[in-house]
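Below is one structure; the comments refer to it alone.
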Amino acid sequence: MCGVFGYVGKKDALKTCLQGLEKLEYRGYDSSGIGGVVGGHIALCKKAGKLAELKKALDLTSLNVAIGHTRWATHGAVNDLNAHPHVDAHRSICLIHNGIIENHETLRKELEAEGVRFASDTDSETVAQLLAKYYRGSLIEAMQKTIARLEGIFALLAVHKDHPDEIVAAARACPLSIAVDDAQTEALAASDPNAFFGMALNVSFLHADETALLKQGTVLFYDAAGRPIAKKTEKFQASAHPPSKAGYETFMLKEIHEQPITMRSAMVGRMEFEAFQPLARVAHEIDSVLIFGCGTSMHAGMIAERWIETFASIPARVEIASEGRYRPLLFASPNTWVIAISQSGETADTLAAVREAKSKNARVLAICNVKNSTLTREADHTLLLQAGPEISVCSTKAFTSQITTLALFALFLGLKKKKCSMGLLETYLNELREIPEKIEALFRKEESLKALAKKYHRYDDFFFMGRNYMYPTCLEAALKLKEISYVHANGYPGGELKHGPIALLDPSFPVLAFA
């Protein structure tokens with residue numbers, strides 16, 4: 001997952017691009033960079049580390065057109081050379097990329113045999129070099145020829161030194177939003193439309209192998225065959241306020257402390273099931289559920305799987321989206337529903353699994369935090385988390401909002417299926433109402449939590465164990481410890497401890513038991 005942003009227009013392109021990257025840093029903070037055209041030359045600056053490191057090193061003063069990138073490394077070490085943008089061997093083209101090029105090694109060998117010299121270890125530079133190979137005066141035609149050779153997924157933005165007033169874009173299975181303003185004075189591109197902060201824009205979305213040519217206030221779109229097409233636009237008014245830490249040391253701490261508020265937001269209109277009424281008719285038809293998610297969202301799905309079977313008495317199955325997309329999806333009946341869970345609505349594996357399901361005529365319910373995301377556009381129905389932007393890569397408030405929303409949906413399904421009594425329903429709803437207050441009470445114990453952290457920080461391995469709902473919670477806890485502290489941690493069902501894992505345990509291997 002990386003962030004891409006591009007700008008051409010009357011505003012300061014460099015400054016606007018930097019502002020866009022600030023909104024996209026949550027998509028990757030291994031490195032960042034900005035490039036563009038000035039004075040008939042490619043100019044760029046890129047730096048390993050967070051965006052703050054790029055700002056310190058930035059030696060660009062102005063750009064006619066700008067593209068920027070925040071990286072989450074997949075190919076090549078985290079260093080300045082592997083940071084984006086990438087240029088071709090003749091430094092005529094500047095390119096940024098989100099995604100993975102699966103056949104990059106084959107293409108690289110082909111280009112090296114033709115005498116092309118590479119400067120990085122990334123799959124992305126292969127695209128820049130290939131683009132230069134096919135360039136014959138038209139950058140958009142070169143892009144169309146290039147993506148025809150690529151295997152994998154991508155969102156691409158590129159500029160050429162001989163075209164100081166244009167950006168070309170292409171996408172396949174990766175989100176890419178293209179926007180123009182009403183006055184037709186600027187055109188923008190971003191991997192997340194929420195990067196268009198404070199601007200009223202007309203937004204379109206690139207799909208399978210579509211390309212776009214962006215100039216000041218105008219965009220030309222082309223299909224996979226290179227034919228001009230008209231794209232539907234959506235009016236998008238992004239927040240005028242960039243994200244703030246609100247006095248907290250990190251976004252993650254801020255988002256942890258927002259959970260009582262965001263859980264209550266997830267309950268608004270749903271405790272009496274008003275928000276579920278559009279699903280009331282189809283709820284009667286659902287006779288099995290298949291849940292897709294990755295990482296934290298998959299763990300929320302594992303909890304929902306248990307709730308749906310408990311409250312609605314229908315079979316439910318959770319699939320890791322990155323695995324489910326490669327397996328034959330066997331639907332129990334035409335009334336099997338797919339629930340796709342994603343904070344951003346742009347998780348590539350989840351989207352791929354959803355598309356596979358829809359190709360088999362499955363109906364999809366999205367549980368998502370971002371309106372206008374790819375998932376919400378492709379799903380048949382959407383339940384928004386209403387948690388507000390989650391900037392930290394490590395998901396916290398989105399997880400608790402996901403399980404709040406899923407708990408209420410499972411209870412609603414049980415009510416419609418006449419499998420959940422009113423007494424049981426009220427018991428669970430009353431318990432749910434009290435959880436935000438219990439979280440607030442936990443925050444008042446932060447000093448004791450810090451003391452526990454000091455006690456255990458010297459350990460390099462952790463084991464989490466629990467049963468039933470606590471098992472997926474253990475998986476999520478272990479994931480959080482790995483993500484935040486880079487410490488080895490495993491989650492296991494309590495009853496499985498004796499079937500092998502107990503052999504690992506000794507006084508240097510703490511066990512956290514969830515009851």
Side-chain angles (χ1 to χ4, degrees), residues 1-9 11-36 43-63 65-73 78 80 83-85 96-98 155 157 167 175-179 181 186-201 203 236-255 258 343-346 369-373 387-395 397-398:
M1 181 176 73
C2 301
V4 300
F5 189 90
Y7 179 84
V8 54
K11 293 178 183 174
D12 184 320
L14 179 60
K15 181 179 178 181
T16 304
C17 197
L18 267 175
Q19 291 171 337
L21 290 185
E22 287 171 356
K23 294 282 281 189
L24 292 172
E25 191 173 14
Y26 77 95
R27 294 185 66 89
Y29 38 75
D30 285 341
S31 60
S32 58
I34 288 182
L44 62 88
C45 181
K46 53 186 185 175
K47 195 73 177 171
K50 295 185 178 181
L51 186 60
E53 298 302 314
L54 175 67
K55 290 178 179 177
K56 290 177 190 174
L58 197 61
D59 54 3
L60 305 175
T61 55
S62 67
L63 293 170
V65 59
I67 55 175
H69 187 271
T70 60
R71 183 179 186 228
W72 188 259
V78 178
D80 292 354
H84 296 224
I96 56 177
H97 167 221
N98 174 31
L157 296 179
I167 300 171
L176 192 59
S177 310
I178 309 293
D181 63 331
E186 54 191 354
L188 307 92
S191 46
D192 180 346
N194 286 296
F196 303 141
F197 64 91
M199 295 178 275
L201 298 168
V203 180
F236 187 81
Q237 177 67 63
S239 169
H241 304 290
S244 165
K245 294 176 187 173
Y248 289 94
E249 185 179 351
T250 65
F251 278 111
M252 191 182 74
L253 275 174
K254 171 178 176 275
E255 289 158 9
E258 286 177 337
Q343 188 283 131
S344 66
E346 305 294 354
N369 195 35
V370 181
K371 188 179 179 182
N372 300 313
S373 63
E390 186 171 67
I391 305 302
S392 173
V393 172
C394 183
S395 181
K397 66 177 181 176

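Position 1 is the first residue of the sequence; numbering continues from there. Small disclaimer: the values here were computed from a predicted structure and weren't measured.
Side-chain contact check for Leu24 versus Ser191: some heavy-atom pair is nearer than 4.5 Å. Within the 4.5 Å cutoff, the side chain of Asp80 has no heavy atoms near those of the Ser31 side chain. Put simply, the side chain of Leu157 reaches to within 4.5 Å of the side chain of Leu176, judged on heavy atoms. For the pair Glu22 and Leu51, the minimum side-chain heavy-atom distance is below 4.5 Å. Looking at Phe5 and Leu188, their side chains come closer than 4.5 Å, going by heavy atoms from C-beta outward. Contact of the Ile34 side chain with the Cys45 side chain is not registered, since no non-hydrogen atoms from C-beta on lie closer than 4.5 Å. By the 4.5 Å heavy-atom criterion applied to side chains, Ser395 and Glu390 are counted as neighbours.
Of the possible polar contacts, one joining the Asn369 side chain to the Ala387 backbone as a donor-acceptor pair under 3.5 Å is found. With Asn98 contributing its side chain and Val4 its backbone, the two residues share no donor-acceptor pair below 3.5 Å. The closest donor-acceptor contact from the side chain of His69 to the backbone of Ala83 lies at 3.5 Å or more, if one exists at all.
Environment of NZ in Lys55: crowded, with over 12 heavy atoms of neighbouring residues, nucleotides or ligands closer than 6.0 Å. Around atom NZ of Lys47, no more than 12 heavy atoms belonging to other residues, nucleotides or ligands sit under 6.0 Å away.
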Note to self: For a salt bridge (charged side-chain N to carboxylate O under 4.0 Å, His left out) check, start with the C-alpha distance between Lys50 and Glu53, then their side-chain angles and the critical distance, and finish with the verdict.
What the structure shows: CA-CA 6 Å; Lys50 295 185 178 181; Glu53 298 302 314; over 6 Å; no

Next item on the list: Might you work through the salt bridge (charged side-chain N to carboxylate O under 4.0 Å, His left out) test for Lys245 and Glu249, ending with a clear yes or no?
Entry: CA-CA 7 Å; Lys245 294 176 187 173; Glu249 185 179 351; over 6 Å; no

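With values rounded to the nearest 0.5 angstrom, Leu18 atom CG is found 13.5 Å from Tyr7 atom OH. Rounded to the nearest 0.5 angstrom, His84 NE2 and Asp30 CG are separated by 10.5 Å. The CZ atom of Phe251 sits 5.5 Å away from atom CD1 of Ile391, with the distance rounded to the nearest 0.5 Å. Taken from CD1 in Ile178 to CZ in Phe196, the straight-line distance is 7.0 Å, to the nearest 0.5 Å. Atoms CZ and OG, on Arg71 and Ser32 in that order, are 11.5 Å from each other to the nearest 0.5 Å. Going from atom OG of Ser177 over to atom CD of Glu346 covers 6.5 Å, rounded to the nearest 0.5 Å.
Shown are Leu44, Thr16, Leu14; of these, the side chain to side chain contact (heavy atoms under 4.5 Å, CB included) with Leu63 is made only by Leu14.
Counting all heavy atoms, side chain and backbone alike, Ala13 lies closest to Ala66 at O-CB, 3.6 Å. Contact record, Gly68 with Leu21: C-CD2, 3.5 Å, taken as the closest heavy-atom pair. Scanning both residues, Gln343 and Ala398, for their nearest heavy atoms gives CG-CB, 3.4 Å. Across all non-hydrogen atoms, the minimal contact from Val203 to Ala179 is CG2-CB, 3.9 Å. Taking all atoms of both residues into account, the shortest heavy-atom contact from Ala246 to Lys254 is CB-CE, 3.8 Å. When all heavy atoms of Ala195 and Ala190 are compared, the closest pair comes out as CB-CB, 4.0 Å.
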